[in-house]
Amino acid sequence: MKRLLSCQASEILAMNGKELKQAILASEGRTVLTEMTVFNGCLLGNITNAEVASAFGSDMILLNGLDCFDPVILAYQKPTNQIKLLRELCGRPVGANLEPVDDSISFNV
């Protein structure tokens, strides 16, 4: 198994969960994960923050604040599968940070 940092984007996108884990383990701690919020706009016009992070060496992207029932990334104009599109644009694995939320609290984002 190749190290994650030695893989091309096409190889990363073709990996399943087990292969991705093996590639991360083979990297021996030399991987960079960038966590970013989905409810903030893009820093550079129409280039997503995840694409910027990938360009600067991030090996994996972690989304924070993602609503699992209505997964919207503010950078996009409502395509059907935003997570898949983001993954293809970055060529990196994309994950979501899931946190429990109290239904009685309303958030204004």
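Residue numbers start at 1 and run along the sequence shown.
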Q: Could you measure the distance from the CG atom of Asn64 to the CG atom of Asn97? Nearest 0.5 Å is fine.
A: 5.0 Å

Q: With heavy-atom distances below 4.5 Å as the criterion, would you say the side chains of Leu33 and Thr31 are in contact?
A: no

Q: Taking all non-hydrogen atoms of both residues, which atom of Lys2 and which atom of Cys7 are closest, and how far apart?
A: CB-SG, 3.9 Å

Q: Looking only at side-chain N and O atoms, does Glu51 offer a donor or acceptor that is under 3.5 Å from a partner on Ser54?
A: no

Q: When rounded to the nearest 0.5 angstrom, what is the spacing between NZ in Lys21 and CG in Leu4?
A: 14.5 Å

Q: Does Leu85 offer a backbone N or O that forms a donor-acceptor pair with the side chain of Glu88 under 3.5 Å?
A: no

Q: Would you check if the side chain of Ser27 reaches a backbone N or O of Ala23 as a donor-acceptor pair within less than 3.5 Å?
A: yes

Q: Drop me the distance from Asp59's CG to Cys90's SG, to the nearest 0.5 angstrom.
A: 12.0 Å

Q: Please list, chain by chain and in numerical order, all residues satisfying side-chain hydrogen bond (donor to acceptor under 3.5 Å, both in side chains) with Thr34, sequence neighbours excluded.
A: Ser58

Q: Is the shortest heavy-atom distance from the side chain of Met60 to the side chain of Val32 under 4.5 Å?
A: no

Q: Does the pair Thr37 and Asn49 meet the rule for a side chain to side chain contact (heavy atoms under 4.5 Å, CB included), with working shown?
A: CA-CA 9 Å; Thr37 57; Asn49 297 340; over 6 Å; no

Q: Could you tell me if the side chain of Leu62 sits less than 4.5 Å from the side chain of Met36, heavy atoms only?
A: no

Q: Report the distance from atom CD of Gln22 to atom CG of Asn16, rounding to the nearest 0.5 Å.
A: 8.5 Å

Q: State, to 0.1 Å, how close Gly91 and Ile12 come at their nearest heavy-atom pair, and which atoms those are.
A: O-CD1, 3.8 Å

Q: State yes or no: do Ile83 and Val38 share one hydrophobic cluster built from I, L, V, M, F, W and Y residues joined by side-chain heavy-atom distances below 4.5 Å, directly or via other members?
A: yes

Q: Find the distance between CG (Leu66) and CG (Leu98) and round it off to the nearest 0.5 Å.
A: 8.0 Å

Q: Over all heavy atoms of both residues, which pair between Met15 and Arg87 is shortest? Give the atoms and the distance, please.
A: O-NH2, 4.3 Å

Q: Within this structure, what is the CG-CG distance for the pair Leu25 and Leu20, rounded to the nearest 0.5 Å?
A: 9.5 Å

